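Before any comments, here is the structure.
Predicted, not measured: the structure shown is a model, and the values here were computed from it. Chain A is the first sequence line, chain B the second, and so forth, proteins listed ahead of strands; every chain is numbered from 1.
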Number of protein chains: 2
Amino acid sequence: MNRAADGAGPSGGIQGRIKRLIIDENLEPGAPLPTEVELVQRLGVSRNSVREALKALQAVGIVEVRHGFGTFVGSMSLEPFVEALTFRTVLGQRQGRQSLLELLELREAVEAGLVRRVVGRIPEDDLTRLRHLVGVMRQDAESPEGHARTDREFHVTLYQALDNPLLSEVLDAFWDALHQVSGDLAQPHRPSETWREHQEILKAVRAGDASRAEDAVRRHFDDIRARLTRTAAAG
Amino acid sequence: MNRAADGAGPSGGIQGRIKRLIIDENLEPGAPLPTEVELVQRLGVSRNSVREALKALQAVGIVEVRHGFGTFVGSMSLEPFVEALTFRTVLGQRQGRQSLLELLELREAVEAGLVRRVVGRIPEDDLTRLRHLVGVMRQDAESPEGHARTDREFHVTLYQALDNPLLSEVLDAFWDALHQVSGDLAQPHRPSETWREHQEILKAVRAGDASRAEDAVRRHFDDIRARLTRTAAAG
DNA sequence: AGAGGTCCAACGTCCTACGTCCTATGTCCT
DNA sequence: AGGACATAGGACGTAGGACGTTGGACCTCT
């Protein structure tokens with residue numbers, strides 16, 4: 001029964017009452033919230049309590065506070081979740097758990113299953129874009145920074161055809177978390193031959209072969225796993 | 001560049017410094033953190049600031065505060081994420097977006113892909129348990145509360161064989177979010193014939209037929225979608 | 001009309017005091 | 001001796017006030 005202790009539902013909790021205020025007034029992301037002082041008056045608590053509640057809501061993206069300007073309804077992106085997952089994974093890794101591997105294989109399991117579905121459904125524009133991205137990877141295969149962004153866009157674009165913005169966000173969140181953890185634990189790797197694996201995925205998807213696409217994705221993650229387990233040993 | 005504004009990495013931010021403290025001292029979940037007063041001294045800031053930082057970290061599960069006892073390293077479960085996702089979905093739904101449908105189809109897309117993989121890998125114990133759960137669903141098909149818990153355990157048990165605790169947690173988080181949103185937006189439904197769908201999934205999995213299992217999962221979600229779109233219209 | 005500076009509402013930090021809760025310790029009873 | 005109960009202390013929770021800092025809005029001057 002930590003419902004009250006944590007997010008504090010619509011019960012007496014300050015956070016819950018602010019959340020309820022957003023719901024009741026149907027405020028969209030970006031809409032202004034009452035000022036801290038107004039909330040103090042409305043909720044009948046001290047400014048300290050109001051600020052702590054806002055800070056907690058800000059931490060999960062429900063509220064956005066802009067210094068000297070006001071408080072607003074937040075974007076509620078998955079970024080706070082990514083940060084927490086990153087932290088948790090880094091900490092777990094330091095404590096002997098295989099949390100990095102778990103995160104990687106979470107991505108593998110999900111994406112390998114999804115790629116089957118996306119086969120044959122990718123519009124021509126996206127295919128063109130994917131082909132272009134593979135080309136970019138092949139070209140500047142030496143820039144770790146640029147490669148990351150390209151790799152990210154490839155994965156995002158690949159699953160765009162599933163036509164589910166939330167799904168895309170979630171996949172991107174997992175990508176981001178893995179990326180950040182890798183950056184914290186391992187040395188920046190040489191992109192090496194990664195572009196080939198992406199090309200294989202793209203070819204299989206274009207060919208309309210679901211099983212081959214799934215295999216290609218798994219091979220891609222096999223390669224990442226190899227690199228990661230190699231460098232993470234010196235964690 | 002909202003890294004500093006949000007979680008505040010190891011930069012000057014108080015949150016970041018507390019997170020760094022956990023990492024540096026390699027504290028496991030449940031381990032005690034310095035008291036607020038000690039943190040005040042260590043970090044050289046006021047108690048207010050310390051408390052706000054702790055509140056933010058608590059909101060994402062990194063820290064757990066127990067009234068009158070102390071602050072501890074949190075469990076870092078996905079529960080805060082579930083709550084945020086729930087809130088976001090409810091709010092989005094009220095604002096005309098199809099966020100509930102998105103959440104449902106996120107689960108469908110992911111689980112339909114995963115069930116193919118789990119085919120033929122479920123140990124006998126789990127299969128027995130799954131069969132039992134289907135039986136339970138069939139029996140007390142009238143208790144909405146009990147049915148929810150059984151349904152949840154079915155899905156958790158089904159994907160247990162993938163042997164990835166993080167994946168299980170994520171799937172459970174999605175289940176939980178959808179469940180909470182449904183509770184907030186729709187009337188409690190009559191479990192009706194859901195048990196049959198679960199039985200179909202189980203039979204396909206036992207038969208080792210990946211495609212049939214995927215279809216069974218999709219049919220299951222089709223049914224949920226039908227119920228949801230029917231009752232959510234009166235939101 | 002545009003560039004610049006000023007004003008001020010609103011958030012950020014700090015300090016102090018007091019209330020509340022939980023645990024641990026110790027006592028008393030059985 | 002062992003357990004139930006009362007107590008004391010530490011630690012978090014809330015409150016109120018004061019001052020610093022920021023950034024958008026408005027006004028002025030050119």
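- Under the 30°/60° scheme for interplanar angles, the aromatic rings of B:Phe81 and A:Phe81 are found to lie parallel.
- With hydrogens and angles ignored, the 3.5 Å screen pairs a side-chain donor or acceptor of A:Gln93 with a backbone N or O of A:Ser99.
- Taking the charged nitrogens against the carboxylate oxygens, B:Glu153 and B:Arg129 do have a contact shorter than 4.0 Å, which makes a salt bridge.
- To the nearest 0.5 angstrom, B:Leu54 atom CG is 12.5 Å from B:Glu64 atom CD.
- Rounded to whole Å, atom P of D:dC12 lies 13 Å from atom NZ of B:Lys55.
- Of the residues B:His220, B:His132, B:His198, B:His147, the one that meets the ring pair (Phe, Tyr, Trp, His ring centres under 6.0 Å) test with B:Phe154 is B:His198.
- Put simply, A:Ser49 has no side-chain N or O that comes within less than 4.0 Å of OP1 or OP2 on D:dG13.
- Side-chain atoms of A:Asn48 and base atoms of D:dG16 include a donor and an acceptor less than 3.5 Å apart.
- A close approach under 4.0 Å does not occur between any side-chain nitrogen or oxygen of A:Ser46 and OP1 or OP2 of D:dT14.
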Per-nucleotide protein contact string for nucleotides 5-12 of chain C (B base, S sugar-phosphate only, - none; heavy atom under 4.0 Å): ----BBBB
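- When the P atom of C:dC15 is taken as reference, atom CD of B:Gln41 falls 12 Å away, rounded to whole Å.
- Under the ring pair (Phe, Tyr, Trp, His ring centres under 6.0 Å) criterion, A:His179 pairs with A:Trp175, not counting sequence neighbours.
- We find that CD of A:Gln15 is positioned 14 Å from C1' of D:dG13, with the value rounded to whole Å.
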